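Questions regarding the structure given below will be posed in turn.
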Amino acid sequence: MTVQRHDRPHPRIERTFTTVRAALPAVNIAAFDAELRAVTQAPVVDLGALDDFLSGWWRIATRAAADPAGWQRMHEEADQIQSGARPAGPTLAEVLSRRGTHL
């Protein structure tokens, strides 16, 4: 695990569907489109769910734009863990337990 710098300026990404989608890394666009389709295809669109969708993807776009190399590295590490090429790290509960905190 590496320490991230928090003094870097965060990119300004407007919180609109078009801007967020355009700011996403290419590997995330299909997931964005599929989730948007799922949220908007209901007979009655749940505006709360639509707002949660946009907020979540805006955070992803902002984080990915702030550190593209780190975002790519995170995806590569996740792929390695899922394929079994790399062991998973400790769970949050295990880390907290070591520190004397329990969920």
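Heavy-atom basis, side chains included; hydrogens, waters and symmetry copies ignored. Predicted model only: the values in this text are computed from it and were never measured.
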query = So, does S97 use its side chain to make a donor-acceptor pair with the main chain of A93 at under 3.5 Å?
reply = no
The reported gap from OG1 in T40 to CG in D46 (rounded to nearest 0.5 angstrom) is 12.0 Å
To the nearest 0.5 Å, atom OG1 of T19 lies from atom CG of L24 at 11.0 Å
Rounded to the nearest 0.5 angstrom, the CD-CG distance for E35 and L54 is 10.5 Å
Exercise. Is N28 close to W71 at the side-chain level, that is, under 4.5 Å between some pair of heavy atoms?
Worked result: yes
Correct closest heavy-atom pair for A66 and P68 would be C-CD, 3.8 Å
- Message: Would you call the rings of W57 and F32 parallel, tilted or perpendicular, taking 30° and 60° as the class edges?
- Response: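 If you compare the ring of W57 with that of F32, the planes turn out perpendicular.
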query: Hey, are the side chains of D51 and R15 touching, using non-hydrogen atoms and a 4.5 Å cut-off?
result: yes
What about I29 and V39, same hydrophobic cluster or not, with Ile/Leu/Val/Met/Phe/Trp/Tyr joined at side-chain heavy-atom distances under 4.5 Å? yes
Any side-chain heavy-atom pair of P90 and R98 under 4.5 Å = yes
d(L96 CG, T91 OG1) to nearest 0.5 Å is 8.5 Å
Within one Ile-Leu-Val-Met-Phe-Trp-Tyr cluster: V95 and M74, side-chain cutoff 4.5 Å: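 No, V95 does not connect to M74 through the hydrophobic network.
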Worksheet item: Are L36 and L50 side-chain neighbours, meaning at least one heavy-atom pair lies under 4.5 Å?
Response: yes
Original post:
With hydrophobic residues grouped by side-chain heavy-atom distances under 4.5 Å, do I81 and L92 end up in a single group?
Top reply: no
- Would you please test Q80 and E76 for side-chain hydrogen bond (donor to acceptor under 3.5 Å, both in side chains) and show each step? CA-CA 6 Å; Q80 291 170 359; E76 290 168 359; 5.8 Å; no
Residues E14 and V20: closest non-hydrogen pair is O-CG2, 3.7 Å
**Prompt:** What's the shortest heavy-atom distance between A65 and I13, and which atoms?
**Reply:**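 Heavy atoms of A65 and I13 come nearest at CB-CD1, 3.9 Å.
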